[in-house]
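Have a look at the structure below before the remarks.
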Amino acid sequence: MSWSYTVPFVGLLIQLGVGAASAQEPSPPDAAPQEAQDAPGPEDAEALPALEAEIEEELGSSPEEPAPASGAAGVTPTDLGRVMLLPDVSAALTASIGYYSDVPTPRLRGHEPDHDRRGLSLQLQELELAIQGVADPYVRADVFVGFAPDSAELEQAFVTTLSLPASLQLRAGLLPAEVDRFNTRHYLMLEPFADMPLVHRRFFGGHQLVGIGMEVSWLTPLPWFVEITFEVITADNPVSFGLPASETVGAKDVLTVGRLEQFFELTDTWSLMVGASAAQGPNNSGGRRATASNRTQLAGGDVMLKWRDLATVRQLRCILEYIVRRATVPGGRTIEGGAYLQVDYRLGSHLEVAARADYFGLPSLLRGELAFGDVTGAELLPFLTPSRQWRVGGSVSFYASEYHLWRLQYNLDRLLGDDAGLVGRRDPVHEVFLLYQVILGTHGAHPF
Amino acid sequence: MRCYLATILILGSFCARGTVEAQIHVVATIPSLGALATEVGGEHVEVRSLAAPNQDPHFVDGRPSMALLLNRADLLIHVGLGRESGWLPPLLTNARNGRLQPGRSGNLDTSSICGALLGVRGRDRRFGDIHPAGNPHFLYDPRYGVRVAQAIADRLAAIDPAHARDYRAGYEGFARRMRARIAEWESLMAPFRGQAVVGYHESLVYLARWLGLRETGFIQPLPGIPPNPRHLARLILEMRSEGARVVLVEPWYEAETSRVVAERTGATVVRLPGDVGAPHVRSYPELIDRVVQSIHRALSGAGRR
């Protein structure tokens, strides 16, 4: 649960009864194991069910609490891990049952729900293994590995400096690109939907935009939070870029990303986060030899307005993000943009409701005639051809605890095609997902 | 050009701030710790607390503005034992402040100097959202508060040796006042030793042990797990059997469940003030006083019924 070696180690010593007590007056008593608060002893067999029904009628029902096994405080596995200098290790399993009224609209293989036909689909979306910890006084390291039934993939692995001067920070490794707010987040755990916003799916495929490289960020000395980030990473992403690390030889082969993020405390409960990003790099639409002239530029902005009740876990978020992509490709140039508006509300410990509206095709422009040839795989063509699509959806999430949830989501998804007829128009597709997620172990705290 | 000059002046003023101001910038995760730092540090410290007085310290929204405070702080004081683990680590990383990293002089984990602490029931999350290394709610026992104040004084003296004598004096004055108040509170509550009470969360175990109260159960079936009707029915029967007449609830827990339980047991719901900064609670001694007086009133009333 904790994040340093010192805290749990000292806690463990205390628990083992070797904590050094100070000598000042007045002094707290010595260690005494807390008495077990087990189930009540004198239960009235007749009164209990009636009372339970009465309370359920007044307060509503809630899940049964797990029956705790008898046990006493002692050395926990986590404590032992700290003593052995093990990092925090956690696993998050996400699985879903999906229903599609027709073949789903274009998507690439990844961790989103997917199917190749209409009907039901059972999918283990992801088992994410996270290994996180402080390596030494200078850096911490975070490693995330994603498993699917037939694949394993290193999703992110980076080190972060902890104490550079001038409020600078370096990150290096396999990094998420700071192209907007969403791309840096593990959406299956942090966002109340089973799938990605449409614009991310169309620009980056089944995975988020990541690359091997380095990032420097600066927390400015202004009175409010202003962070400026600059990244240089490999342009591996097959949809918007497509130049793998193994073929990166010079500055023109990498993806450069810049982001400005600001945070404003409007009141104790309301806050506003505003970000703007830009990125540019080579694309592989004309093959490796043409990447100097075939370039992709991304630009975007995002706004999050958040209300958080201080006294409870209730919170409301309104998120608006927009990304536009300009790509020089064989035969011409494409300019496409997409946006989504998300509103989610956490009602209490158990329930969260969310709605999202996506539109892709703001704008949807093609200059010239596309001639990708054989270089680009057929599965990528729908992602490179300007077209329009919209989707609306909503979800209800039930949190049995902070480590265990069920989510029911509905989408109405429609591909509108394009003016040139390269991407066909489709009837609306109804999608329903029932998602289950469980988190094991010492999972790192979530960002804002 | 004018715009550039203004920007340079603003940046320059903030860069130079550290040299102009002599105060030690202290960030406390919860207001109680901030209040203790103020008691000890006096005019030599500028104290900011991250959690609000009416906010559950387990579920603070780790705003980026908090990272900014940590970036400019000389000393971070936190409870430890995982109480802030849900929100503090990313802030600390984002703060880029080497002085505050764990193990450094600017990072004071108060649980590490509290000696023996109460443990927990279980070893994994079958037992709820537990703190495996111990229960972190020790500041409800003012004797721990005194001990933490001493640690803060020691740490401030190490960071700011020029005022070490003042910090020591600040601590000694505070400890002297607290010693007298602790004796008063113990005397006030002495008639109620052994009385049964019910808490919402396992946050009052230290308080109950100090005052000799008997916690017969909790509204939450397990730490962090919301109550369900079956558990509440069992709790009500147990309260009737044990004669528990007081339900102690911190302000961040919903009131409706406690009301339902109280109605069926004839108990009084005592809404505790939360933390320093709540209405009429301006200091740590006032916080403990409000808590003790509230429980005393409720138990006195229960006795007369």
Side-chain angles (χ1 to χ4, degrees), chain A residues 1-4 6-8 10-12 14-15 19 21-22 24 26-28 30-31 33-34 36-37 39-40 42-44 47-48 51-52 55-56 58-59 62-66 68 71 73 76 78-79 160 162-163 167 169 219 221 225 263 265 271 308 310-311 313 349 401 403 445 447-448, chain B residues 11 14-15 52 54-55 59 61-65 68 71 80-82 85-87 89-90 93 96 98 101-103 109 112 115-123 126-127 132-134 141 143-144 147 150 179 182 205 221-222 225-226 228-234 236-238 241 251-252 260:
Chain A
M1 301 267 302
S2 187
W3 36 269
S4 77
T6 312
V7 176
V10 173
L12 176 62
I14 289 164
Q15 215 165 20
S22 303
Q24 74 278 5
S27 175
D30 290 337
Q34 184 184 343
Q37 304 285 344
E43 284 184 7
D44 185 330
L48 185 64
L51 194 53
E52 183 184 339
I55 293 169
E56 189 167 333
E58 190 161 346
L59 292 177
S62 307
E64 282 298 300
E65 78 273 20
T76 70
T78 302
D79 297 331
T160 306
L162 299 172
S163 56
S167 298
Q169 188 162 64
L219 191 58
F225 181 91
F263 176 81
E265 276 191 336
S271 61
R308 169 70 193 264
L310 291 177
V313 295
S349 301
S401 75
Y403 306 96
F448 181 73
Chain B
L11 291 176
F14 281 96
C15 291
N54 61 338
Q55 192 168 25
F59 297 106
D61 207 17
R63 290 176 160 193
S65 50
L68 200 61
N71 173 261
L81 293 172
S85 63
W87 52 277
T93 300
R96 303 155 165 85
Q101 298 305 321
D109 172 3
S112 67
L117 293 166
L118 294 178
V120 291
R121 289 185 276 165
R123 301 179 182 195
R126 280 175 302 166
F127 301 90
D141 182 339
R143 299 170 298 179
Y144 284 111
R147 187 171 284 188
Q150 185 186 29
R179 205 172 293 131
I182 287 169
V205 290
L222 295 167
I225 303 294
N228 59 67
R230 174 163 297 179
H231 169 74
L232 293 176
R234 284 180 184 154
I236 287 168
L237 293 177
E238 189 174 6
S241 153
W252 41 84
V260 167

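To find a chain, count down the sequence lines: A is the first, B the second, and so on, and within it residues start at 1.
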### Task
Could you tell me which portion of B/Pro64 (side chain, backbone, both or neither) has an atom closer than 4.5 angstrom to a non-hydrogen atom of chain A?
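Both backbone and side chain.
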### Query
Can you name the side chain to side chain contact (heavy atoms under 4.5 Å, CB included) partners of B/Ser65, sequence neighbours left out?
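Here the qualifying residues are A/Phe263, A/Glu265, B/Arg63.
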### Query
For A/Ser167, what residues pass the side chain to side chain contact (heavy atoms under 4.5 Å, CB included) criterion, not counting sequence neighbours?
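Testing A/Ser167 for side chain to side chain contact (heavy atoms under 4.5 Å, CB included), a comparison that skips the adjacent residues, returns A/Trp218, A/Leu219, B/Asn71, B/Arg96.
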Do you know the tightest heavy-atom contact between [X] and [Y]?
X: A/Gln169; Y: B/Thr93; value: NE2-O, 2.7 Å
X: B/Leu68; Y: A/Phe225; value: CD2-N, 3.7 Å
X: A/Ser349; Y: B/Pro226; value: CB-CG, 3.7 Å

